[in-house]
Amino acid sequence: MKCPFCHHEDTQVLDTRVSEEGDAIRRRRRCIHCDKRFTTYERIELMMPVIVKKNGSRAEFDPAKLRASLMLALRKRPVSAEAVDEAIHRIEEKLLSSGAREVVSGQIGELVMRELKRLDKIAYIRFASVYKSFEDVAEFQDAIAEVRQERKSTRQ
Ligand SMILES: [Zn+2]
């Protein structure tokens with residue numbers, strides 16, 4: 001770490017401690033050249049991956065957009081705002097913990113579908129029908145059959 005006063009390359013660490021919130025490491029340093037003291041902070045950097053769209057263009061992750069597409073699928077469905085918040089949180093956590101710098105938009109679509117499947121089957125079908133733009137009736141019926149089957153198995 002360069003000294004901010006004389007730009008000397010070597011500094012000595014006098015003291016290291018974890019911040020009160022536990023989210024940073026604070027280091028008290030001394031420049032071995034000019035003897036001035038300064039503090040550095042080390043923090044965890046968590047960054048949302050950049051979204052790669054189908055056409056190859058990049059976009060920043062937009063939580064408002066994510067919420068909007070979930071809300072659209074869940075329109076007039078009996079799902080609490082709290083449950084939607086939790087679903088959004090889980091999607092964000094997954095993206096963050098992946099540590100990936102880039103993620104294709106399709107992966108986010110899959111994460112949304114997984115959450116909707118848990119929240120509300122109708123919303124899931126709504127989203128999937130738009131998102132997957134079912135090519136034909138058979139594909140749509142497959143998705144519905146899939147949901148029905150799951151319902152049966154959860155009942156048992
Ligand atoms: Zn110095």
Side-chain angles (χ1 to χ4, degrees), residues 1-135 143 146-147 150 154:
M1 184 72 64
K2 259 189 195 172
C3 168
F5 305 103
C6 72
H7 304 292
H8 189 77
E9 300 276 347
D10 278 325
T11 52
Q12 180 193 2
V13 175
L14 301 173
D15 184 36
T16 301
R17 54 182 70 180
V18 177
S19 72
E20 269 174 42
E21 297 80 21
D23 60 352
I25 292 189
R26 183 180 174 278
R27 288 201 166 92
R28 193 76 190 133
R29 293 171 188 266
R30 180 184 78 89
C31 173
I32 57 166
H33 182 70
C34 69
D35 200 39
K36 289 207 169 95
R37 279 137 212 251
F38 60 98
T39 305
T40 57
Y41 290 90
E42 194 176 300
R43 288 180 195 282
I44 300 162
E45 187 185 56
L46 283 177
M47 280 172 72
M48 272 296 181
V50 171
I51 314 302
V52 183
K53 293 187 186 173
K54 270 187 195 144
N55 64 9
S57 68
R58 265 73 171 163
E60 254 179 63
F61 174 77
D62 185 348
K65 252 187 206 167
L66 178 64
R67 179 175 291 271
S69 56
L70 272 156
M71 292 313 286
L72 188 67
L74 285 162
R75 208 160 68 97
K76 293 186 180 169
R77 298 300 304 159
V79 176
S80 71
E82 204 180 16
V84 176
D85 286 346
E86 280 166 16
I88 289 169
H89 187 69
R90 272 194 298 271
I91 293 169
E92 289 177 341
E93 288 268 278
K94 268 184 200 132
L95 291 172
L96 273 177
S97 63
S98 75
R101 294 296 299 118
E102 290 189 334
V103 61
V104 293
S105 58
Q107 266 174 275
I108 295 178
E110 295 293 330
L111 290 175
V112 170
M113 282 203 286
R114 204 182 300 167
E115 290 298 332
L116 286 176
K117 212 176 200 176
R118 266 190 0 206
L119 285 175
D120 186 85
K121 304 295 179 199
I122 301 292
Y124 165 71
I125 301 233
R126 271 185 196 155
F127 183 84
S129 65
V130 175
Y131 175 73
K132 286 197 161 168
S133 55
F134 292 126
E135 296 286 301
E146 199 188 318
V147 167
E150 268 186 27
T154 51

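Just follow the structure's listing: the first ligand is 1, and inside any ligand the first atom is 1. This chain uses plain numbering: 1 for the first residue, then up along the sequence. Here the structure is a predicted model, which is why all the values come from computation and not from measurement.
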Do you know the tightest heavy-atom contact between Asp35 and Arg30? OD1-NH1, 2.6 Å

Identify the heavy atoms of Leu119 and Ala83 that sit nearest to each other, and give their distance. CD2-CB, 3.7 Å

Tally, protein N/O/S atoms nearer to the Zn ion (ligand 1) than 2.8 Å: 4

Return each pair, listed once, that meets side chain to side chain donor-acceptor pair (under 3.5 Å) where at least one residue sits in residues 92-109; pairs must be two or more places apart or across chains. Arg58-Glu102

For residues 5-19, which residue pairs pass the salt bridge (charged side-chain N to carboxylate O under 4.0 Å, His left out) check, not counting sequence neighbours? Asp15-Arg17

Name each donor-acceptor pair under 3.5 Å that joins a side chain in residues 72-79 to protein atoms two or more places apart or in another chain, with its distance.
{"from": "Arg77", "atom 1": "NE", "to": "Asp120", "atom 2": "OD1", "distance (Å)": "3.1"}
{"from": "Arg77", "atom 1": "NE", "to": "Asp120", "atom 2": "OD2", "distance (Å)": "2.8"}
{"from": "Arg77", "atom 1": "NH2", "to": "Asp120", "atom 2": "OD1", "distance (Å)": "3.1"}

Anything under 30° is parallel, anything over 60° is perpendicular, the rest tilted; go ahead and classify His33 against His8. parallel

